[in-house]
Asks: 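Just dropping this structure here.
Please read these numbers as outputs of a predicted model, since none were measured by experiment.
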Amino acid sequence: MSERRVAIDVSADIGERDGSAGRAHDGRILEYISSASIACGFHAGDAKSMRETVTLCAGAGVAIGAHPSYLDKDGFGRVEGYLSTVEIRRHVGLQVVMLSDICRAMNVRLRFVKPHGALYNRAATDPAAADAIASAISEIDKSLTLLGLAGSEMIRAAARFGLPVAREAFLDRAYTPQGTLVPRSVPNAVFTDPKIVVRRALDLVRENTLFAIDGTPLRIVADSLCIHGDGEHSIEFAAAVREGLEAEGLDVAAFSA
């Protein structure tokens, strides 16, 4: 059994829904999480939504991260863009700078960067793509943490570029036996039962273990447990996970605090 923890980060990707209804949805998720990755305009959101979401995060005391993606609003950043590493570095840099400038103007700290969607999945297994992301971040601010899939190329790239790093695990997504995310097109790739999501959170915290879609046990040491904020059950999941963790005597606290 792993050493017992006293706190764990629970994060969500937010700023991805439109208008006042979107901000209201995000506000409810922020009641339960400790870190938030904010869409930076390439897959969702715009300057207005970023300002509004930063305001919500600051009011809730939630750590703020940038959530850069491929330029793909039609596909919500989940379509592989096949960008060159030069283009990845430029696109990530543009998005991180945009949110960083907004945070600075509002006297709020940007703490981390987490790639989104297809870019995240590519950088999990492609060292060159992971290096492009880490390079972009390091050129902007070497104090920014790179939040990436536990055990992935992103974690190794952060080390190569001297960036702080946080290892992420997903509570609402199925894993392959190789430790990557099962494509959303595969049946049962996305969970809908909050009991399953809570059990996975507790397995990660207690045993550093998740079970792949075929039942294979995976050893995963995570600093942050993610819930997709755009998901149909995201608020329900966030509330259930926080309740489940606190019932076990665990605090929910940002890894970047």
Asks: Examine Phe191 together with Phe237 and report whether their ring centres are nearer than 6.0 Å.
Replies: no

Asks: Look up atom CD1 in Ile133 and atom CZ in Arg122, then write down how far apart they are to the nearest 0.5 Å.
Replies: 8.5 Å

Asks: What residues join Val182 in its hydrophobic cluster, counting side-chain heavy atom gaps under 4.5 Å, either direct or through other members?
Replies: Val186, Ile213

Asks: Flag yes if Val96 and Leu83 sit in one hydrophobic cluster, no otherwise; membership is Ile, Leu, Val, Met, Phe, Trp, Tyr, and two members link when side-chain heavy atoms are under 4.5 Å apart.
Replies: yes

Asks: With a cut-off of 6.0 Å (strictly less than), are more than 12 heavy atoms of other residues, nucleotides or ligands near CG of Asp214?
Replies: yes

Asks: Does one side chain, of Tyr70 or Glu80, offer a donor that lies under 3.5 Å from an acceptor on the other?
Replies: yes

Asks: Do Cys226 and Lys114 pass the side chain to side chain contact (heavy atoms under 4.5 Å, CB included) test, and can you show the C-alpha distance, the side-chain angles, and the key distance before you say yes or no?
Replies: CA-CA 11 Å; Cys226 180; Lys114 172 193 166 180; 3.3 Å; yes

Asks: Is the shortest heavy-atom distance from the side chain of Val241 to the side chain of Val252 under 4.5 Å?
Replies: no

Asks: Any side-chain heavy atom of Cys57 within less than 4.5 Å of one from Ile14?
Replies: yes

Asks: For residues Phe255 and Ser224, report the shortest heavy-atom separation together with the two atoms involved.
Replies: CD2-CB, 4.0 Å

Asks: Look up atom CE in Met154 and atom OG1 in Thr125, then write down how far apart they are to the nearest 0.5 Å.
Replies: 9.0 Å

Asks: List the atom of Ile33, the atom of Val62, and the distance in Å for their closest heavy-atom pair.
Replies: O-CG2, 3.6 Å

Asks: Under a 4.5 Å cut-off applied to non-hydrogen side-chain atoms, are Val205 and Glu248 in contact?
Replies: no

Asks: Hey, does the side chain of Glu236 reach the backbone of His233 with a donor-acceptor pair shorter than 3.5 angstrom?
Replies: no

Asks: Between Phe170 and His228, what is the ring plane arrangement, given parallel below 30°, perpendicular above 60°, and tilted in between?
Replies: parallel

Asks: Are Leu245 and Tyr32 close enough that some pair of their side-chain heavy atoms sits under 4.5 Å apart?
Replies: no

Asks: Taking Ser234 for its side chain and Asp230 for its backbone only, find out whether a donor-acceptor pair lies under 3.5 Å.
Replies: no

Asks: What is the distance from atom CG of Asp172 to atom CD1 of Ile196, rounded to the nearest 0.5 Å?
Replies: 11.5 Å

Asks: Do Leu144 and Leu110 touch side chain to side chain, with heavy atoms closer than 4.5 Å?
Replies: yes

Asks: Roughly how far apart are Gln95 CD and Ser69 OG, rounded to 0.5 Å?
Replies: 5.0 Å

Asks: Going through the distances and angles, do Thr209 and Asp203 end up as a side-chain hydrogen bond (donor to acceptor under 3.5 Å, both in side chains)?
Replies: CA-CA 6 Å; Thr209 299; Asp203 284 345; over 6 Å; no

Asks: Taking all non-hydrogen atoms of both residues, which atom of Ser11 and which atom of Glu168 are closest, and how far apart?
Replies: OG-OE2, 3.9 Å

Asks: Nearest 0.5 Å, what's the CG-OG1 distance between Leu181 and Thr176?
Replies: 8.0 Å

Asks: Can you tell me if CD on Glu246 sees more than 12 non-hydrogen neighbours from other groups inside 6.0 Å?
Replies: yes

Asks: Near Arg160 CZ, under 6.0 Å, is it more than 12 heavy atoms from other residues, nucleotides or ligands?
Replies: yes

Asks: Only one of Ile38, Leu99, Leu30 clears side-chain contact (heavy atoms from CB on, under 4.5 Å) with Thr53; which?
Replies: Ile38

Asks: Apply salt bridge (Lys or Arg N to Asp or Glu O under 4.0 Å) to residues Glu153 and Arg156 and explain how you reach the verdict.
Replies: CA-CA 5 Å; Glu153 291 297 337; Arg156 290 182 276 277; 3.3 Å; yes

Asks: Are Ile155 and Leu210 linked, directly or through intermediate hydrophobic residues, by side-chain heavy-atom contacts shorter than 4.5 Å (ILVMFWY only)?
Replies: no

Asks: Please say yes or no: joined through hydrophobic side-chain contacts below 4.5 Å, possibly via intermediate residues, are Met98 and Val113 part of one cluster?
Replies: yes

Asks: Could you go through the side chain to side chain contact (heavy atoms under 4.5 Å, CB included) check for Leu119 and His43 one step at a time?
Replies: CA-CA 11 Å; Leu119 178 59; His43 74 281; over 6 Å; no

Asks: Decide whether Met50 and Met106 are clustered together by the hydrophobic rule: side chain heavy atoms of Ile, Leu, Val, Met, Phe, Trp, Tyr closer than 4.5 Å, transitively.
Replies: yes

Asks: So which atom in Pro177 and which in Thr216 form the shortest heavy-atom distance, rounded to 0.1 Å?
Replies: CB-OG1, 4.1 Å

Asks: Any salt bridge between Asp141 and Arg104, counting N to O under 4.0 Å?
Replies: no

Asks: Roughly how far, to the nearest 0.5 Å, is OG of Ser135 from CD1 of Ile140?
Replies: 9.5 Å

Asks: Side-chain heavy atoms under 4.5 angstrom apart, residues restricted to Ile, Leu, Val, Met, Phe, Trp, Tyr: same cluster for Phe76 and Val92?
Replies: no

Asks: Take Val165 and Asp223 through the side chain to side chain contact (heavy atoms under 4.5 Å, CB included) test and state the conclusion after the steps.
Replies: CA-CA 9 Å; Val165 66; Asp223 305 299; over 6 Å; no

Asks: Any ion pair linking Arg17 and Asp26 (charged N to carboxylate O, less than 4.0 Å)?
Replies: no

Asks: Could you walk me through whether Glu232 and Thr192 pass the side chain to side chain contact (heavy atoms under 4.5 Å, CB included) check?
Replies: CA-CA 8 Å; Glu232 180 182 355; Thr192 59; over 6 Å; no

Asks: Quick one: does Arg242's side chain get under 4.5 Å of Val10's, heavy atoms only?
Replies: no

Asks: Give the ring-plane orientation class for Phe42 versus His91, where under 30° counts as parallel, over 60° as perpendicular and anything between as tilted.
Replies: perpendicular

Asks: Please check this pair: side chain of Arg78 against backbone of Gly117, looking for a donor-acceptor N/O pair closer than 3.5 Å.
Replies: no

Asks: Does the Tyr175 side chain pair with the main chain of Ala169, one donor and one acceptor, at a distance under 3.5 Å?
Replies: no

Asks: Do you know the tightest heavy-atom contact between Ala157 and Ala134?
Replies: O-CB, 3.8 Å

Asks: Side-chain contact, heavy-atom cut-off 4.5 Å: Leu146 with Phe161?
Replies: no

Asks: Where is the tightest heavy-atom contact between Ala39 and Glu16, given as atom of each residue plus distance?
Replies: CB-CG, 3.8 Å

